[in-house]
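To start, the structure itself, in structure tokens.
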Amino acid sequence: MRQRIKTDGRDREQSLSAMTEIVAESVAESGTESVAELTNDLPDIAQPIKCVSMTEEAADHWPQPGTNVMYMVRCADDTLYTGWTNDMKKRIAAHNSGKGARYTKTRRPVTPVYYEIWATKQAAMKREAAVKKLSRSAKLALFCPATGRDAATAR
């Protein structure tokens, strides 16, 4: 019943349209009343609790310590680094002091651009692994969905 959608070059709207059609077909085939009823068997970690693009206006709004977070930062050389933490503000400070990841140590300072709050540590780590496999353009589409381009660099 479940199908995978490849987004091989199609724009996001076409992909969402295709996903909507597949979900509607799945609901019809299963004889259930709604998508919610169809997805009752999915684990709670299937969706993030909250997704936030970190703009200059939102820079002071950090997730509470103890919250499981998958995050992305922009490094000084304009690359993107993805990680997970349960104290985002402290982790970003560690990256900027050179005590974070080896990758960011030589690419300071880093600036947070996006984060997702997850119910469990395992879910945040799983999402981190999945996002690390994405292309740069796919990562940019997470926090700039309208254009798939980062407004700060216009790339």
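Below, all heavy atoms of this structure are taken into account, side chains as well, without hydrogens, waters or symmetry copies.
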Heavy-atom neighbours of Lys99 NZ exceed 12 at 6.0 Å: no
Closest non-hydrogen atom pair, Ala123 against Trp118: CB-CE3, 3.7 Å
Minimum-distance pair of heavy atoms, taken over all atoms of Glu128 and Thr82: OE2-O, 3.6 Å
Worked verdict on Tyr71 versus Ile92 for side-chain contact (heavy atoms from CB on, under 4.5 Å): CA-CA 10 Å; Tyr71 65 93; Ile92 300 301; 4.2 Å; yes
Single-linkage hydrophobic cluster, 4.5 Å side-chain cutoff, Val69 and Tyr103 together: yes
Result of checking Arg127, Lys50, Gln47 against Glu116 for side-chain hydrogen bond (donor to acceptor under 3.5 Å, both in side chains): Arg127
Stepwise side-chain contact (heavy atoms from CB on, under 4.5 Å) check, Lys126 with Thr120: CA-CA 10 Å; Lys126 189 174 183 177; Thr120 65; over 6 Å; no
Spatial distance of atom NZ (Lys132) from atom CE (Met72) [nearest 0.5 Å]: 12.0 Å
Distance, nearest 0.5 Å, that separates OG1 of Thr104 from OH of Tyr81: 6.5 Å
Point-to-point distance, once rounded to the nearest 0.5 Å, from CH2 of Trp62 to OG1 of Thr67: 13.0 Å
Rounded distance (nearest 0.5 Å) linking atom CG of Asp77 with atom CZ of Arg108: 13.0 Å
Spatial distance of atom CZ (Arg107) from atom OG1 (Thr79) [nearest 0.5 Å]: 5.0 Å
Atom pair CE (Met70) and CE (Met88), whose distance is rounded to the nearest 0.5 Å: 9.5 Å
Minimum heavy-atom distance Val110-Cys75, with the two atoms named: CG1-SG, 4.0 Å
Close side-chain approach of Leu80 to Phe143, heavy-atom, < 4.5 Å: yes
Worked check of side-chain contact (heavy atoms from CB on, under 4.5 Å) between Arg91 and Trp84: CA-CA 9 Å; Arg91 184 68 176 152; Trp84 87 273; over 6 Å; no
Chi angles and distances behind the side-chain contact (heavy atoms from CB on, under 4.5 Å) call for Asn68, Ile49: CA-CA 10 Å; Asn68 299 298; Ile49 295 170; over 6 Å; no
